[in-house]
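I have placed the structure first, in the form of structure tokens, so that the comments after it can refer back to it.
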Amino acid sequence: MTKVASRLKLLPAVFAILACTAVALGQPTADPPGADPSATPGNAVAFYVLAAAATLAALGCVIATNIVRMALCLLAALAAVALLYFLMAANFLGVIQLIVYAGGTLVVIVFGVMLTSRVYGQKLRPRPGETALAWLVCAALLVGLVAILLQTTWPAAPPPTAYSVREIGQALLTDYLLPFELASVLLLAVMVGAAYLAAPLRQGAKKC
Amino acid sequence: MTRFTAEDALRSRWSPDAKPRAVRAFLAIAVLLAILTALLWVLATRLTGVPYLLSTLATATALLLALCCLGAAVAIQFSHLVGRILLRMAFPIFIVSLVGIILLAWAPSLLYQRVDALRAQSDNPGTPFLAAAEIEAHLTGAPATGRGWAALSAYVLWPLQFRLTRDVLAALGVLGFVSIVGAFGIWWERKVAGRMQSRLGPMRVGGWHGWAQSMADGLKLIQKEDVFLAGADRVLYRLAVYVSWPPAVVLFVALPFSAAWVGRDLDVGLLFVFAMLAVGVLGVLLAGWASNNKWSTLGAMREACQMISYEIPLGFCLLIPVMSAGTLRLTTIGQLQAGGFHTWLAFQNPFLLAAAILFFTATLAECKRAPFDLPEAESELVAGYLTEYSGFRWALFFFAEYAEMFAVAALGVILFFGAWHSPLPAHWGEPWRQGPLWQRALHGVLFGGPLWFVFKGFCLFYVQLWLRWTLPRIRLDQVMHACVQVMLPLAMIALLGNAVWELLVSPGGRLAWIVNVILTAIGLLTLLTTVGIIAYGYLNRRRLVGELAVDHLPGA
């Protein structure tokens with residue numbers, strides 16, 4: 001239907017790839033005892049369950065043609081990834097994931113969708129050009145991820161201590177200020193996308 | 001085909017000999033179970049170790065069932081008398097069950113302490129966990145025999161040393177607490193609504209002021225048909241409640257009821273609670289959209305609108321106490337306020353007090369409470385996003401709402417109003433903390449602990465109820481205006497002011513002291529005025545409320 005809608009589909013594809021590769025390569029098993037408190041059998045089981053849930057939800061999001069169902073699948077994928085972060089003791093990251101994506105981005109998407117009556121029963125079908133673009137972006141991302149995975153020595157050494165929120169905050173506002181500010185444009189992009197979806201079509205009203 | 005007449009409807013469905021038959025059946029089952037109990041007890045005396053435990057458990061179960069059957073038989077035989085006694089005893093039953101719940105929640109913490117003490121004095125600290133026989137040996141001071149009370153208590157204590165058991169117990173406790181908050185909150189809301197409108201509210205179920213009304217409603221709603229609309233999106237319609245309810249429960253995991261009473265003491269506890277509140281909205285949105293009904297969709301849209309807008313001032317208001325406390329860990333923020341009424345964060349500087357009031361207003365909008373209850377506005381939107389829901393799904397939405405209401409009230413208590421500390425100066429109770437059990441219990445009642453936390457939470461909860469039945473609902477444009485043009489600038493000013501205050505005013509200095517004294521005096525005055533108004537209203541209830549309600553008011 002629209003470009004924005006098909007772009008939305010890229011996000012879960014990223015998660016799908018991430019989760020699959022994580023399952024394939026980064027399994028947290030067979031660590032030496034006492035090295036990592038999270039490497040218990042229970043956590044391994046939880047990891048596989050969550051990774052599978054994230055993958056399935058992301059696939060569902062890509063396959064679904066109804067945009068609200070897509071949003072629900074996206075929520076499931078985001079929540080599963082947030083739980084993965086919690087499992088890896090990255091509490092701050094997990095919580096921010098929930099607040100920014102699930103509580104912010106997704107609500108804005110659904111809100112935008114609900115403002116437009118024409119999405120009711122509308123099937124989303126990306127045009128060939130959009131599909132090609134999506135494949136291109138996904139492929140680029142896959143290449144990047146695989147490159148990173150190949151460069152890393154497995155099993156990767158855990159950080160010596162868990163980073164506190166204070167350290168993360170200081171790092172974000174000093175060393176990583178520019179990426180941080182760039183990332184905050186994301187919500188604006190979502191807002192623009194939602195407005196685009198919701199706005200009445202001025203030219204070419206018979207397109208949808 | 002026989003016709004159904006009015007006489008048939010009035011006639012009892014029970015055949016006259018049903019009562020003696022039921023009594024005989026229950027007595028027979030009781031006798032059989034008593035025989036089984038005796039046999040199992042004989043078996044238990046001949047065993048040791050785990051089989052002994054199992055047979056003792058079976059004996060106890062059989063005995064309990066036998067007593068239940070006996071009780072049922074007696075209750076059926078003398079049903080008239082028993083019913084009358086139950087009605088007369090309704091208030092004591094209510095109070096005893098309340099105290100029982102508190103004791104039931106307290107017991108595990110004592111058992112945990114006992115187990116931890118045993119593990120600390122264990123001979124070989126290398127092994128992380130004790131075996132049941134070791135615990136028994138520790139308890140009796142003699143070699144384990146695998147029999148008797150010591151063995152039984154050892155088997156009870158043994159699983160409690162594992163994290164998993166404690167987590168399961170904590171999860172059960174959270175679920176139980178949320179259910180109680182939901183059931184009690186709904187009943188309370190109806191009572192408050194009744195009182196404010198000079199009527200009675202629920203009066204019948206349970207005997208004492210209809211205290212069991214919510215349980216009866218729950219029983220009804222479970223049986224009620226789960227209606228689906230032909231045009232609704234079935235999958236989303238079913239799933240919406242599972243997006244709305246779990247976050248409201250899960251946030252209690254990170255909510256500290258006291259320094260030690262917390263499921264997971266997260267370093268980002270505050271953010272976690274905030275995230276869960278934010279995720280819960282999606283359930284409402286999906287419910288409204290999936291119902292395929294104009295009223296529902298309008299309700300959901302209003303909810304989204306309201307939530308996105310009010311999250312911003314709410315976030316600013318959360319930042320202000322975090323700025324003063326220097327941490328996101330809720331237990332640390334709570335511990336900072338130990339020491340009495342004047343150490344509560346709301347009375348530290350004027351910006352924190354402003355933030356407390358703004359926070360409360362923003363959470364009203366966040367929980368869809370009046371005057372911001374536009375999503376379900378029953379006079380315009382039928383029931384808003386809940387219009388098409390029936391049965392237990394509908395009930396779960398309400399449970400989520402009441403759980404969130406208590407959660408935001410509790411968050412306000414933690415951030416601004418002294419968390420689990422009582423207003424009494426803490427150093428008065430210091431010697432009691434290490435005393436015998438009764439002193440520690442009294443310390444928990446007087447100087448702080450989960451009871452104070454729940455009490456304060458319910459005080460704010462009550463203000464939410466009270467506002468709902470006092471204030472009119474405002475229009476959507478007024479809601480937006482209040483957020484963007486009033487609350488947001490005020491929250492920003494409070495944030496800036498607090499930052500400047502933290503930079504310029506030294507914590508122990510004279511200015512901080514004077515402001516603290518003034519704000520504490522204002523807080524005390526407000527509290528005393530409220531109590532005074534309540535007392536005045538109670539003393540003059542005949543003049544103010546009217547005879548009908550007064551005759552049923554407690555203590556009238």
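Within every chain, numbering begins at 1; the chains are lettered A, B, ... in the order of the sequence lines, protein sequences first and strands thereafter.
- Only the side chain of B/Glu311 comes within less than 4.5 Å of a heavy atom of chain A; its backbone N, CA, C and O stay farther away.
- With a 4.5 Å cut-off on non-hydrogen atoms, B/Met276 touches chain A through its side chain but not through its backbone.
- Taking every heavy atom of both residues into account, B/Ala278 and A/Gly103 meet most closely at CB-CA, 3.9 Å.
- Residue B/Leu282 holds its CG atom at 5.5 Å from CG of A/Leu75, rounded to the nearest 0.5 Å.
- B/Leu271 touches chain A through backbone and side chain together, each having a heavy atom under 4.5 Å away.
- Only the side chain of B/Leu239 comes within contact range of chain A, with heavy atoms under 4.5 Å apart.
- Between the CG atom of A/Leu106 and the CG atom of B/Leu285 there is a distance of 9.0 Å, given to the nearest 0.5 Å.
- Listed for the A/Arg166 side chain is a donor-acceptor partner under 3.5 Å among the backbone atoms of B/Gly326.
- With respect to B/Phe272, the side chain to side chain contact (heavy atoms under 4.5 Å, CB included) criterion is satisfied by exactly one of A/Val95, A/Asn91, A/Ile99: A/Val95.
- Contact detail for A/Val165 and B/Asp267: the closest heavy-atom pair is CG2-O, 4.1 Å.
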